[in-house]
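The next block holds one structure in the form of structure tokens; read it before the comments.
Hydrogens, waters and symmetry mates play no part in the numbers below; they use all other heavy atoms, side chains included. Just so we're clear, the structure is a prediction, and the values are computed from it rather than from any experiment.
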Amino acid sequence: MEIPIRLAAMMVLLVTVTAHPHRKHCHMSRYRSVSPSDIRAVRRLHNEHEKSPFSNGIKCQKKLFRQKPSVCDLKASDRLILTLERVTMAVRVLTNMTESPLSEFVSQPLEFFHSLEDDLKHCRKSPLYSDPPSQQLMPWLNHLKHFRERVSSQCVQDAVLLSLTQLLIEDVMCWANKE
């Protein structure tokens, strides 16, 4: 019995879609190389924040990033969880800054990180990345939680703004390149 070409093509399409359900929701390859304009916008915000005389950023940033080794050394689902946590924190900080003196520098980074957060949430729902956090990741997550609880909102803002470039390059691109 010969299968009509149209039916064969539909069967191939059905097998392709059902064989890789995570591909339907997880499109991180576009973050393997971040646009120069997004990188410039993040750096511009970082630089403008550093000019602020009220910033206690370096001290706060050191408190935020105490965990080693690199996020790149974590397994895929852990990298996704940690990157999503950090991006979510960045989105919260940037959203709260829309009325600040730096608001003119916030819109493009906020748009980028908000889109990234949505993409990461979709990836987290995929079977490939739905594992619970591993024991290796728990100290990282606990550190982030304690940091947010124990320092002032200004310190969180300072730390996040000074670490946006690191988040963009190390966390996001590392995760996207290993996806």
Return yes if some donor-acceptor pair links the side-chain N/O of [X] with the main-chain N/O of [Y] below 3.5 Å, else return no.
X	Y	value
H146	N142	yes
T95	V91	yes
S103	E99	no
S163	Q166	no
R79	D171	no
Q108	S37	yes

For the [atom1] atom of [X] and the [atom2] atom of [Y], what is their distance to the nearest 0.5 Å?
X	Y	atom1	atom2	value
L80	E85	CG	CD	10.5 Å
M89	E117	CE	CD	12.0 Å
E48	S100	CD	OG	11.0 Å
L45	E104	CG	CD	10.5 Å
L167	L162	CG	CG	13.0 Å
T165	I39	OG1	CD1	8.5 Å

Determine whether [X] and [Y] make a side-chain contact, defined as any pair of heavy atoms from C-beta on separated by less than 4.5 Å.
X	Y	value
R92	T88	yes
M97	L161	yes
I81	D78	yes

Closest heavy-atom pair and its distance - [X], [Y]:
X	Y	answer
R124	P133	NH2-CD, 4.5 Å
V42	F113	CG2-CE1, 3.9 Å
C155	F147	O-CZ, 4.3 Å
A41	P109	O-CG, 3.8 Å
D131	S77	CB-OG, 3.6 Å

Are more than 12 heavy atoms from other residues, nucleotides or ligands located less than 6.0 Å from atom NZ of K75? yes
Does a sphere of radius 6.0 Å around CD in Q135 hold more than 12 heavy atoms from other residues, nucleotides or ligands, not counting ones at 6.0 Å or beyond? no
Can you tell me which residue pairs pass the salt bridge (charged side-chain N to carboxylate O under 4.0 Å, His left out) test with a partner in residues 36-46, sequence neighbours excluded? none
Among L164, V160, L102, which residue meets the side chain to side chain contact (heavy atoms under 4.5 Å, CB included) test with L94? L164
Please lay out, stage by stage, how L116 and L168 fare under the test side-chain contact (heavy atoms from CB on, under 4.5 Å). CA-CA 10 Å; L116 174 62; L168 185 66; 5.8 Å; no
Please test D118 against H114 for side-chain contact (heavy atoms from CB on, under 4.5 Å), starting from the C-alpha separation and ending with a verdict. CA-CA 6 Å; D118 289 344; H114 194 346; 3.8 Å; yes
Test side-chain contact (heavy atoms from CB on, under 4.5 Å) on Q157 and N96; report intermediate values, then the result. CA-CA 9 Å; Q157 177 179 308; N96 290 334; 5.8 Å; no
